[in-house]
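We use all heavy atoms of the structure for the numbers below, so side chains are in, but hydrogens, waters and symmetry mates are not.
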Amino acid sequence: MRVAFITVGDTTRRTGGYLYHAEVFRRLRAFGAETTEISASAADIAAQQAAQSALGATFDPRDFDVIVVDALARVVCAPWLARWQAARPLVAMVHELPSVAGSADMATEAGLLHADLLLAVSQHGRAILEERGAPTERIRVVSPGCDRLITDDRRPTTDKQRPTLDNQPSIVHRPSSVVLCVAQWIPRKGILDLVQAWASRLRPGAVLELVGEADADPDYATTVRAAIAVAPPT
């Protein structure tokens, strides 16, 4: 089976969506499927609009058995979805409809809702697709799952003794609690709201750790860092 996957942006970025895609491809290839990833343009709307003609001229759906379209690529693919679907089964992979995230109007997503199969990553996502008119029988929920967390006794814990270089034990003090947030630093992820809420009161011994791309929106990141700088110490 030959699968074409059309997306946009830099697929080497370690975002939840691109990591999800990579795992899907890995598993498909393990089953013997030939997968081809096509990043049609940068992710922004202007770049997608500029790349529409080139994608329509160079992509031939007959070279594949199945076409999978990332909802992020809805603009660059929009003029061609009906033509592709007439030639091959069309699958829409929907992590989140862009209009739900406030970054697109619903019209650009209409073609995706008529795909032969729609993949959602949660029951909430399924419900949104159903509300937008996608037939329930065409929707499948494929959870992202999670990586296994491997721990052992070598990880230092609060007040646990561990040897030093001179073989004398020392005391390792760790936070009493660690709150982890994994997300890009962009407004709709609410990172600034989280930092401000965390800083609204003293939390002795507790630590908030932010893990994610901090350069997606430089101005927003500057605001987040400023909020972190004035937060009270733990």
Side-chain angles (χ1 to χ4, degrees), residues 5-26 37 39-51 69-76 92-106 108-109 112 119-125 128 142-149 155 174-234:
F5 178 73
I6 303 177
T7 187
V8 290
D10 179 3
T11 60
T12 64
R13 292 170 57 205
R14 296 182 63 81
T15 66
Y18 292 137
L19 290 173
Y20 179 96
H21 299 162
E23 181 64 15
V24 170
F25 300 152
R26 186 186 71 79
E37 183 180 63
S39 183
S41 70
D44 63 276
I45 301 302
Q48 291 196 48
Q49 291 172 334
V69 174
D70 183 356
L72 288 177
R74 78 272 175 204
V75 174
V76 69
M93 184 177 287
V94 186
H95 296 280
E96 182 180 43
L97 286 173
S99 61
V100 173
S103 60
D105 61 80
M106 294 170 60
T108 61
E109 302 163 349
L112 297 175
L119 300 181
V121 297
S122 66
Q123 294 297 335
H124 176 67
I128 290 175
V142 183
S143 170
C146 60
D147 293 328
R148 292 183 181 275
L149 178 63
R155 181 180 181 183
R174 301 189 68 249
S176 59
S177 61
V178 178
V179 176
L180 174 65
C181 173
V182 182
Q184 284 182 303
W185 289 22
I186 55 178
R188 69 183 179 86
K189 298 294 185 178
I191 304 299
L192 179 59
D193 294 333
L194 175 59
V195 170
Q196 291 174 335
W198 184 268
S200 65
R201 55 174 291 185
L202 292 175
R203 305 173 193 275
V207 172
L208 171 64
E209 293 191 3
L210 304 176
V211 177
E213 291 185 335
D215 57 355
D217 186 329
D219 292 338
Y220 184 74
T222 297
T223 304
V224 172
R225 289 191 176 96
I228 293 172
V230 300
T234 57

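- The side chain to side chain donor-acceptor pair (under 3.5 Å) search around T11 returns E37, not counting sequence neighbours.
- Remark: A216 engages Q184, I186 in a side-chain contact (heavy atoms from CB on, under 4.5 Å) (not counting sequence neighbours).
- The two atoms that bring A199 and A231 nearest to each other are CB-CB, 3.7 Å, heavy atoms only.
- Every salt bridge (Lys or Arg N to Asp or Glu O under 4.0 Å) that R26 has, sequence neighbours left out, goes to E23.
- Residue pairs satisfying the salt bridge (charged side-chain N to carboxylate O under 4.0 Å, His left out) criterion with at least one member in residues 215-231, sequence neighbours excluded, are absent.
- Contacts of V230 classified as side-chain contact (heavy atoms from CB on, under 4.5 Å), with partners at least two apart in sequence or in another chain: none.
- Scored by the side chain to side chain donor-acceptor pair (under 3.5 Å) test, S143 finds no partners at all (sequence neighbours excluded).
- Heavy atoms only, all atoms of each residue included: A40 and A51 are closest at O-CB, 3.7 Å.
- In this view, A43 and V8 satisfy the side-chain contact (heavy atoms from CB on, under 4.5 Å) rule, not counting sequence neighbours.
- To the nearest 0.5 Å, the span separating CH2 on W185 from OG1 on T223 amounts to 10.5 Å.
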Assess whether side chain to side chain contact (heavy atoms under 4.5 Å, CB included) is satisfied between L194 and L210, documenting all intermediate values.
CA-CA 10 Å; L194 175 59; L210 304 176; 4.1 Å; yes

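- Across all non-hydrogen atoms, the minimal contact from D70 to F5 is CB-CZ, 3.7 Å.
- Residues I6 and M93 have side chains not in contact (no heavy-atom distance under 4.5 Å, counting atoms from C-beta outward).
- Applying the ring pair (Phe, Tyr, Trp, His ring centres under 6.0 Å) criterion to Y220, with sequence neighbours excluded, gives no partner residue.
- Annotation: salt bridge (charged side-chain N to carboxylate O under 4.0 Å, His left out) contacts involving residues 191-200, sequence neighbours excluded, are absent.
- Partners of A183 by side-chain contact (heavy atoms from CB on, under 4.5 Å), not counting sequence neighbours, listed by chain and number: C181, K189, I191.
- Annotation: side chain to side chain donor-acceptor pair (under 3.5 Å) contacts of E209 (sequence neighbours excluded): none.
- When every heavy atom of Y20 is checked against every heavy atom of V142, the shortest pair comes out as OH-O, 3.0 Å.
- Between V24 and L119 the shortest side-chain heavy-atom distance does not fall below 4.5 Å.
- Ring geometry, Y18 versus H21: the interplanar angle exceeds 60°, so the pair is classed perpendicular (tilted spans 30 to 60°).
- When all heavy atoms of L112 and A71 are compared, the pair lying nearest together is CD1-CA, 3.7 Å.
- Of all heavy-atom pairs between L72 and Q48, the closest is O-NE2, 2.9 Å.
- Taken to the nearest 0.5 Å, the CD1 atom of I128 stands 6.5 Å off from the CG atom of L97.
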